[in-house]
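Step one of this worksheet: look at the structure below.
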Amino acid sequence: MTPPRTPADVVVEARDVTMAYGDADVLRGVDLDIHRGEVFALLGPNGAGKTTTVEILEGFRRRSGGEVRVLGADPERGDDAWRGRIGLVLQSWRDHPRWRVAELLGHFATYYPDPRDPTELLALVGLTGQADRQVNRLSGGQRRRLDVALGIVGRPELLFLDEPTTGFDPEARHEFHLLVERLARDEGVTVLLTTHDLAEAERLADRIAMLVGGRIRACGTPAELARRAAAQAEVRWTADDGTPRRERSKDPSRLVWELHRDADGPIPGLEVRRPTLEDTYLHMVHRAADDTDGTEDAKARAA
Ligand SMILES: Nc1ncnc2c1ncn2[C@@H]1O[C@H](COP(=O)(O)OP(=O)(O)OP(=O)(O)O)[C@@H](O)[C@H]1O
């Protein structure tokens, strides 16, 4: 049985956070709880406010309203010691273009009391071969790996990853996923990830929150969210006259049994499709677009 959580297990706590840019309300009351050692993914369409949310949690942006605690402190008042416990992988590293990779990493390591060994870190992110290259000579994917290395050189307790695998080839993406899993599982690092890649969120995240229309519309494990998309599975088959048929059912095995009985044999083109995370996501996005009263999903608040 999972032991009850203590306040110390809650690494990020946000209550009713609002953000307006001028008269544009971007966040309309965001609630989040992220627990120690958890990989938490924030999903949402372009312009939903993911980066704004993350910047508020990082202490880079002043919120318009609401309460936030990150590692026990209000990010707007986080000091250097607090900042040293946080790792950031921002959208891309643009400074120090002429520095060499190992040199830049070694330089950043000096900012922290107990940094990772830069040589080991280069191996960890697959950049050993590029140690002596200038930063501006790296490929997009290599540069992103360097961003990740810079984000974890100080052994952060909480790591923010803003669209970390943009530009990665499939192998680099796979390696990166293994690295995030290792950081969370072996070192207890809490990870907040924003991504547009649903497969990545499903693969990596313990829990996923969907930010749509300025609110968290759903939050749960990938399996919970997929189940909530539609309780009904979709059964597809080909009718006797060759036309494709589809029907939603809460009891697909019964429907298949009835079809089998009526056909008196195998059912041509039979497929039973369970709702996926993508179904949930699209459902939330479309529902939010139709949502005129703006009612927040009651289950959205993290457990
Ligand atoms: N500094 C700013 N001033 C005014 N408006 C802003 C500012 N930053 C962001 N916005 C607006 O706030 C909204 C949310 O932006 P944000 O970057 O947080 O969204 P996002 O979910 O991260 O989007 P994406 O998936 O495209 O990266 C957008 O409409 C954006 O234009």
Side-chain angles (χ1 to χ4, degrees), residues 12-34 39-68 70 74-76 78 86-94 140-141 143-144 147-148 151 158-168 173 176 180 191-205 207-220 222 225 277-278 280-292 294 296-297 300-302:
V12 174
E13 193 177 1
R15 289 287 169 271
D16 201 21
V17 173
T18 56
M19 183 70 205
Y21 293 111
D23 53 10
D25 291 326
V26 172
L27 303 181
R28 298 159 183 261
V30 167
D31 292 319
L32 283 176
D33 291 271
I34 303 177
V39 178
F40 191 94
L42 190 58
L43 296 183
N46 290 131
K50 301 179 297 296
T51 301
T52 299
T53 303
V54 169
E55 286 175 353
I56 288 171
L57 300 178
E58 291 166 344
F60 288 147
R61 194 170 282 290
R62 289 183 82 85
R63 59 194 181 266
S64 305
E67 294 300 316
V68 180
V70 173
D74 182 337
E76 287 182 10
I86 288 175
L88 308 175
V89 177
L90 305 174
Q91 296 255 347
S92 196
W93 188 256
R94 306 231 177 268
R143 198 141 156 167
R144 210 72 194 108
D147 293 336
V148 173
L158 170 61
L159 179 61
F160 289 99
L161 298 170
D162 200 1
E163 297 183 26
T165 53
T166 308
F168 275 24
R173 187 179 299 257
F176 173 78
V180 172
V191 178
L192 173 54
L193 165 84
T194 69
T195 180
H196 286 289
D197 182 341
L198 296 179
E200 177 165 278
E202 196 159 19
R203 155 88 203 264
L204 277 183
R207 285 190 303 143
I208 294 172
M210 293 186 180
L211 179 65
V212 186
R215 291 192 174 88
I216 304 291
R217 300 283 168 162
C219 183
L225 292 183
L277 185 64
E278 188 175 8
T280 312
Y281 178 80
L282 294 174
H283 178 74
M284 294 291 160
V285 171
H286 292 144
R287 201 181 65 175
D290 299 340
D291 192 3
T292 46
E296 186 176 357
D297 185 331
R301 187 171 287 200

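Counting convention: from 1, in listed order, for ligands and their atoms alike.
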Q. Checking salt bridge (Lys or Arg N to Asp or Glu O under 4.0 Å) for the pair Arg63/Asp74: CA distance, chi angles, key distance, verdict?
A. CA-CA 11 Å; Arg63 59 194 181 266; Asp74 182 337; 2.9 Å; yes
**Q.** Min side-chain heavy-atom separation Phe40-Val12 under 4.5 Å
**A.** no
Q. Where is the tightest heavy-atom contact between Thr195 and Leu43, given as atom of each residue plus distance?
A. O-CD2, 3.3 Å
Q | Atom indices of ligand 1, in the order listed, that fall short of 4.0 Å to a heavy atom of His196 | A | 25 (O)
Q. Can you list the atoms of ligand 1 that are under 4.0 Å from a heavy atom of Thr52?
A. 15 (O), 16 (P), 18 (O)
Q. Is the shortest N/O to N/O distance between Gly44 and ligand 1 below 3.5 Å?
A. no
**Q.** Backbone N/O of Ala20 and side chain of Ser64: donor-acceptor pair under 3.5 Å
**A.** yes
**Q.** Nitrogen or oxygen atoms of Val26 and ligand 1 under 3.5 Å apart
**A.** no
(Q) Heavy atoms only: which of Leu27, Asn46, Asp25 lies closest to atom 26 (O) of ligand 1? (A) Asn46
Q: Select one of side chain, backbone, both or neither to describe which atoms of Pro45 lie under 4.0 Å from any atom of ligand 1, heavy atoms only.
A: backbone
Q. So, for Val26 and Gly49, which heavy atoms are closest and what is the spacing to 0.1 Å?
A. CG1-CA, 3.9 Å
(Q) Could you work out, for atom 25 (O) of ligand 1, the closest of Lys50, Met19, Arg61 by heavy-atom distance? (A) Lys50
Q: Find all atoms of ligand 1 within a distance of less than 4.0 Å from any non-hydrogen atom belonging to Gly49, and give their numbers and elements.
A: 14 (C), 16 (P), 18 (O), 19 (O), 20 (P), 21 (O)
(Q) Looking at Lys50 and Leu193, would you say the former's side chain and the latter's main chain have a donor-acceptor pair under 3.5 Å? (A) no
Q. Can you check whether Val89 reaches Leu159 side chain to side chain, under 4.5 Å on heavy atoms?
A. yes
Q. Near Thr51, which atoms of ligand 1 are under 4.0 Å from a heavy atom of that residue?
A. 17 (O), 18 (O), 20 (P), 22 (O)
**Q.** Contact with ligand 1 for Glu55, non-hydrogen, under 4.0 angstrom
**A.** no
